[in-house]
Amino acid sequence: MFMERGIMMSQVKTYGLFINGEWRVTEQTAPLFAPYDGALLARISQAGEAELEEAVAGAQRAAAKMKAMPAHARADILLKAVEQMTARKEELARQLAQEAGKPIRAARAEMERTITTYRFAAEEAKRLYGETIPMDAAPGGEGRFGFTLREPLGVVAAITPFNFPANLVAHKLGPALAAGNAVVLKPASQTPLSALAMGDIFRQAGLPDGALQIVTGSGRAIGDQFVTDERVRKITFTGSEEVGARLKAKAGLRKTTLELGSNSALIVEPGVPLEPIIPRCVEGAFGYAGQVCISIQRIYVHESICQEFTERFVARTQQLQAGNPLDEATDISAMISEREAERIEGWVNAAVAQGAEIACGGRREGGYFMPTVLLGVKPDMDVSCRETFAPVVSIVPYASLDEAIALANRSDFGLNAGMYTANLADAMRAAQQLEAGGVIINDIPTFRTDHMPYGGVKNSGYGREGVKYAIQDMTELKFVCVNTWPSA
């Protein structure tokens with residue numbers, strides 16, 4: 001009997017693809033290891049061209065059923081899925097913590113947000129409003145009545161990352177199904193279990209077979225076929241800038257939503273009480289080991305308070321508890337892979353070689369990288385200008401708000417930016433001048449709720465999530481004009 005990393009393979013469950021309402025175990029499978037301790041969690045079926053073809057063809061057939069389904073029925077299916085997730089949320093949270101290495105408290109919070117996201121989708125399924133157009137506003141429009149409709153696109157391809165394996169799936173499935181589309185979902189290879197759980201949940205909720213297809217496996221093996229198939233009318237992707245750019249180049253005229261990288265900046269102005277904001281700032285920098293698209297990566301602090309802010313921030317950082325993600329006391333655990341921890345170790349070492357100073361952290365132990373605060377960071381260092389996606393933050397002093405805004409904008413990215421200030425006029429000026437898809441005043445840029453518009457500018461992508469806004473991108477606007485007095 002075959003052993004892998006000391007675990008009996010016969011004791012490990014093999015998960016199949018979810019195609020046309022059935023589970024399909026493929027001949028080729030891949031092991032799934034826990035980031036924290038390397039334990040073998042499962043074996044995951046790997047889709048090939050034949051399985052992907054079957055999934056897309058089945059989704060196309062199901063799309064016709066979804067389009068014909070009344071809005072209240074789509075809403076009911078989503079609410080039934082919510083009921084099941086609510087009943088199973090502790091089980092799902094623990095599964096998420098294991099496969100993603102996310103501390104259990106954060107995993108529970110993600111499941112709560114996931115449930116909220118699907119509930120928002122159920123509500124928005126009933127709000128696909130059009131509008132009337134005053135046709136007589138233009139000469140020649142007299143006697144005509146105009147109105148708009150929103151219609152589903154058909155088949156939506158959804159590609160999700162590892163860092164929020166339940167909620168980012170919800171941000172793609174929920175709006176797509178609410179709008180009356182069918183979805184082919186490709187979850188991240190490291191975190192497929194949270195996505196696969198949705199197969200049985202939606203089947204039991206009454207979703208037509210084929211309206212949700214879940215294909216697991218290597219993006220390199222099936223990626224081109226996935227994004228170039230003409231039956232796919234919309235691609236929604238969350239992931240790296242590099243992969244997003246390649247995907248867009250191959251997508252052609254199909255609709256795309258790209259939620260890509262960032263190196264989010266926070267500005268801290270004088271006059272802000274530091275004691276209450278320091279824990280929040282530390283959370284924004286190091287939550288889930290910094291593996292969040294809108295983690296705080298750059299903190300610009302006015303020079304009059306920078307020393308005090310830094311001392312308080314470092315002291316709070318050193319209180320974080322590292323350990324097993326299933327331990328209730330754990331604040332930070334291993335990164336998603338040892339390779340990623342090695343990457344950020346190299347970036348930090350390079351920054352130090354270029355003159356940066358480590359205020360705390362800076363060490364790697366296997367896949368765990370200590371929460372790290374850097375000082376003396378220059379804008380062109382990788383730890384500043386690129387997306388670290390790791391528990392590393394830099395603190396930089398500034399002399400004027402204009403300088404802080406310029407430093408924050410000195411980035412190829414623009415997802416969220418944050419600012420703490422006691423001055424309303426400065427807050428409004430920053431809101432107008434910061435180059436970001438979202439500006440969060442008196443909170444960290446890591447703040448997000450699941451109904452707000454969310455997306456970036458510059459290399460952070462385009463399109464917006466947030467259920468209502470995602471639905472708009474997952475529908476076509478149709479205009480209808482009726483001549484109420486046709487000529488003979």
Side-chain angles (χ1 to χ4, degrees), residues 262-287 289-290 292 294-320 331-332 344-345 347-363 369-411 413 416-422 426 430 434 436 440-447:
S262 189
N263 55 356
S264 295
L266 172 68
I267 298 171
V268 183
E269 281 273 84
V272 174
L274 296 184
E275 184 174 356
I277 74 167
I278 290 295
R280 183 73 168 150
C281 293
V282 170
E283 176 188 356
F286 301 123
V292 181
I294 44 179
S295 284
I296 305 174
Q297 185 171 327
R298 301 173 293 149
I299 305 179
Y300 299 108
V301 186
H302 192 270
E303 58 189 12
S304 65
I305 58 171
C306 192
Q307 182 175 348
E308 181 185 0
F309 179 94
T310 301
E311 290 172 355
R312 288 176 177 269
F313 189 95
V314 168
R316 180 72 178 192
T317 298
Q318 291 173 331
Q319 294 174 9
L320 295 175
D331 296 309
I332 186 170
I344 196 60
E345 180 182 36
W347 287 21
V348 169
N349 289 342
V352 171
Q354 296 167 40
E357 174 189 346
I358 296 174
C360 68
R363 291 190 297 103
F369 197 81
M370 291 183 63
T372 299
V373 179
L374 296 176
L375 308 177
V377 170
K378 301 298 188 292
D380 58 350
M381 293 179 179
D382 283 348
V383 292
S384 178
C385 67
R386 298 176 68 183
E387 180 181 39
T388 59
F389 222 59
V392 175
V393 67
S394 60
I395 300 176
V396 178
Y398 68 87
S400 69
L401 181 56
D402 286 339
E403 180 189 1
I405 292 173
L407 287 167
N409 287 342
R410 188 172 173 177
S411 172
F413 301 107
N416 273 10
M419 179 183 185
Y420 281 103
T421 180
D426 287 344
L434 286 168
I440 312 300
I441 302 297
N442 285 335
D443 205 349
I444 55 178
T446 325
F447 173 80

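All values below were derived from every heavy atom in this structure, side-chain atoms included, with hydrogens, water molecules and symmetry-related copies excluded.
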Pairwise distance [atom1]([X]) to [atom2]([Y]) - rounded to 0.5 angstrom:
X      : Y      : atom1 : atom2 : value
Ile305 : Leu274 : CD1   : CG    : 5.0 Å
Leu266 : Ile277 : CG    : CD1   : 7.0 Å
Arg410 : Ser384 : CZ    : OG    : 8.0 Å
Ser304 : Phe309 : OG    : CZ    : 12.5 Å
Ile278 : Arg316 : CD1   : CZ    : 9.5 Å

Which heavy atom in [X] sits nearest to a heavy atom in [Y], and how many Å separate them?
X      : Y      : value
Ala265 : Pro445 : O-CG, 3.7 Å
Phe286 : Pro391 : CE2-O, 3.4 Å
Ser262 : Ser264 : OG-OG, 3.3 Å
Phe313 : Ala285 : CZ-CB, 4.1 Å

Side chain to side chain contact (heavy atoms under 4.5 Å, CB included) involving [X] - partner list, sequence neighbours excluded:
X      : value
Ala417 : Leu434, Ala436
Asp426 : Glu269, Leu401, Met419, Thr421, Asn423, Arg429
Thr446 : Val292, Ile294, Ile296, Ile444
Ile440 : Asn416, Asp443, Phe447

Backbone of Ser394 reached by a side-chain donor or acceptor of Gln297 within 3.5 Å: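 The answer is no, because no donor-acceptor pair under 3.5 Å joins these two groups.
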Cut-off 3.5 Å, no hydrogens considered: what does the side-chain donor-acceptor table look like for residues 347-361, sequence neighbours left out?
from: Asn349; atom 1: ND2; to: Glu345; atom 2: O; distance (Å): 3.3
from: Gln354; atom 1: NE2; to: Ala350; atom 2: O; distance (Å): 3.2

Sole residue of Val377, Val373, Thr317 in side-chain contact (heavy atoms from CB on, under 4.5 Å) with Val393: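 Only one of Val377, Val373, Thr317 forms a side-chain contact (heavy atoms from CB on, under 4.5 Å) with Val393, namely Val373.
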Within 6.0 Å of CD in Glu275, more than 12 heavy atoms from elsewhere: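 For Glu275, atom CD is not crowded (no more than 12 foreign heavy atoms under 6.0 Å).
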Exceeds 12 heavy-atom contacts within 6.0 angstrom, atom CD of Gln307: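 No.
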Side-chain heavy atoms of [X] within contact of [Y], under 4.5 Å:
X      : Y      : result
Ile405 : Ile267 : yes
Ile395 : Val301 : yes
Asn263 : Arg298 : yes

Whether Tyr398 and His302 hold their rings parallel, tilted or perpendicular, with breakpoints at 30° and 60°: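 Because their plane-to-plane angle is over 60°, the rings of Tyr398 and His302 count as perpendicular.
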Inter- and intrachain pairs under salt bridge (charged side-chain N to carboxylate O under 4.0 Å, His left out), touching residues 374-389, at least two apart: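 Sorted pair list: Asp382-Arg386.
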